[in-house]
**Student:** 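Structure below; questions to follow.
The first residue in the sequence is number 1, and the count goes up from there. Counting starts at 1 for both ligands and their atoms, in listed order.
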Amino acid sequence: MSTSTVQSDNVKIQVKDLHKSFGSNNVLKGIDMDVREGEVVCVIGPSGSGKSTLLRCLNKLEDITSGKVVVDGFDVTDPKVDINEVRRHVGMVFQHFNLFPHMSVEENIMLAPVELKKMGKAEARERALELLERVGLREKANARPASLSGGQKQRVAIARALAMAPGIMLFDEATSALDPEMVGEVLQVIKELADTGMTMVLVTHEMGFAREVADRVVFMADGVVCEQGEPEQLFGNPQQARTQDFLSKVL
Ligand code: ADP
Ligand code: MG
């Protein structure tokens, strides 16, 4: 798949020669990646290859060592850019849900719109309930996170990320901490989101899911994009020895 011909106005995420080091540990060694509007990109690869670091560089949870990252039109590497403004455009869901335990489910979802967008509480609550409906948890609005299952917590975390109406959603192993019987319900919510045309980058170990949902799969190894392509191509006919080796262990 060629990304060089993509019109720049359709590109939601542009990563050019991204390097990221922690001290002397060079974790990202020149990543190039474009994500077009509405595209669903799954990032796979061995543990420690830099997948989480790449996602975290996209919304500047990590400082970038060198290279260029443009997200929703914002140059993340430009010190003049308001990073909080960028983060409002980019929702992120982590392996651990990080819900606020002392707040109800709906309060968790209302928090960012009220605090960051200065949305009125009534409107924020109405939106929270709509989002809970969407993730199948309308009846849990007043529950505390501690009373929910892992799958329910993660669905609340997705609703919370959506509350800011982001143009891009990032998922970092959103199902890895879940008991196996809860993985499906969370993947279903993510799949429905993909079907709405949301631009998404997902780091995942769920190869079957990646194959089904991704427009493109990016295989990372040792801080570089080793190979990428459409799922049928990458899973069915991988070209690089490292990709073949990785897939032989996980498929
Ligand atoms: P993956 O998500 O593919 O498993 P990570 O991006 O989490 O990989 O980690 C890649 C490398 O970066 C690892 O060697 C890890 O130890 C290192 N690393 C990640 N975050 C930090 C950090 N905050 N400080 C120091 N090293 C880190
Ligand atoms: Mg990771």
Side-chain angles (χ1 to χ4, degrees), residues 13-35 40-69 71 76-77 83 86-87 90-99 150-151 153-154 157-158 161 168-180 182-183 186-187 190 194 199-211 213-214 216-229 231 234-235 238 240-251:
I13 301 173
Q14 187 182 38
V15 178
K16 273 212 161 72
D17 199 24
L18 170 61
H19 290 253
K20 169 67 186 173
S21 306
F22 294 101
S24 60
N25 186 7
N26 300 321
V27 172
L28 300 181
K29 302 170 183 169
I31 302 275
D32 293 298
M33 183 174 87
D34 284 351
V35 181
V40 177
V41 173
C42 285
V43 180
I44 63 170
S47 180
S49 56
K51 305 180 299 296
S52 294
T53 303
L54 170 62
L55 276 201
R56 293 167 62 83
C57 284
L58 296 181
N59 62 358
K60 222 177 174 182
L61 288 174
E62 300 292 352
D63 285 326
I64 289 155
T65 304
S66 69
K68 191 170 179 183
V69 175
V71 174
V76 174
T77 38
I83 197 60
V86 177
R87 291 189 190 141
V90 185
M92 188 150 177
V93 175
F94 301 88
Q95 183 174 344
H96 299 286
F97 334 111
N98 308 323
L99 298 174
K153 283 180 196 164
Q154 193 58 301
I158 293 170
I168 297 167
M169 284 284 283
L170 308 177
F171 294 82
D172 192 359
E173 295 193 22
T175 60
S176 293
L178 299 176
D179 290 335
M182 291 165 187
V183 169
V186 173
L187 292 181
I190 297 173
T199 307
M200 314 210 291
V201 182
L202 303 107
V203 173
T204 184
H205 291 303
E206 299 287 338
M207 297 301 148
F209 177 74
R211 192 169 192 146
V213 170
R216 184 154 49 98
V217 180
V218 171
F219 172 65
M220 272 182 75
D222 198 23
V224 299
V225 173
C226 183
E227 180 168 356
Q228 58 177 308
L234 193 114
F235 289 117
Q240 301 292 327
R242 294 187 84 165
T243 320
Q244 292 163 3
D245 179 57
F246 175 76
L247 291 176
S248 75
K249 289 173 180 147
V250 297
L251 287 183

**Student:** For atom 15 (C) of ligand 1, is some protein heavy-atom partner under 4.0 Å away?
**Tutor:** no
**Student:** Could you check whether any heavy atom of G50 sits closer than 4.0 Å to an atom of ligand 1, since that is the contact criterion I want to use?
**Tutor:** yes
**Student:** Consider side chain to side chain contact (heavy atoms under 4.5 Å, CB included). Of V250, T243, L247, which one does I44 pass it with?
**Tutor:** L247
**Student:** Between F22 and V27, is the side-chain contact (heavy atoms from CB on, under 4.5 Å) condition met? List the steps.
**Tutor:** CA-CA 7 Å; F22 294 101; V27 172; 3.5 Å; yes
**Student:** Is the NZ or CZ atom of K249 positioned over F246's six-membered ring, under 6.0 angstrom from the centre and within 45° of the axis?
**Tutor:** no
**Student:** Can you name the one residue among D63, I64, V90 that meets side chain to side chain contact (heavy atoms under 4.5 Å, CB included) with V76?
**Tutor:** I64
**Student:** For atom 22 (C) of ligand 1, find the nearest protein heavy atom and state the residue, atom name and distance (0.1 Å precision).
**Tutor:** F22 CE2, 3.3 Å
**Student:** Should the proximity of N25 to ligand 1, defined as any heavy atom under 4.0 Å, be assigned to the side chain, the backbone, both, or neither?
**Tutor:** side chain
**Student:** With rounding to the nearest 0.5 Å, note down the distance linking CD in Q228 to CG in D32.
**Tutor:** 9.0 Å
**Student:** Look at atom 4 (O) of ligand 1 and say which protein heavy atom is nearest, naming residue and atom and giving the distance to 0.1 Å.
**Tutor:** G48 N, 2.7 Å
**Student:** Any idea which protein heavy atom is nearest atom 7 (O) of ligand 1, and the distance to it?
**Tutor:** S52 CB, 3.7 Å
**Student:** Could you tell me which non-hydrogen atom of V71 sits nearest to which non-hydrogen atom of L58, and how far apart they are?
**Tutor:** CG2-O, 3.3 Å
**Student:** At a cut-off of 2.8 Å, list the protein N/O/S atoms near the Mg ion (ligand 2), residue plus atom name.
**Tutor:** S52 OG
**Student:** Which heavy atom in T77 sits nearest to a heavy atom in G67, and how many Å separate them?
**Tutor:** CG2-O, 3.6 Å
**Student:** Just by modelled atom types, is the G45 backbone N or O under 3.5 Å from a matching donor or acceptor in the K51 side chain?
**Tutor:** yes
**Student:** Among all protein heavy atoms in this structure, tell me which lies nearest to atom 12 (O) of ligand 1, with the distance rounded to 0.1 Å.
**Tutor:** V27 CG2, 3.1 Å
**Student:** Measure the distance from atom 9 (O) of ligand 1 to every protein heavy atom, then report the residue, atom name and distance (to 0.1 Å) of the closest one.
**Tutor:** T53 OG1, 3.9 Å
**Student:** Can you tell me if P46 has a non-hydrogen atom under 4.0 Å from ligand 1?
**Tutor:** yes
**Student:** Nearest 0.5 Å, please: how far is NZ in K29 from CG in D17?
**Tutor:** 13.5 Å
**Student:** With no hydrogens and no angle check, is any side-chain donor or acceptor of Q154 less than 3.5 Å from a backbone partner on V186?
**Tutor:** no
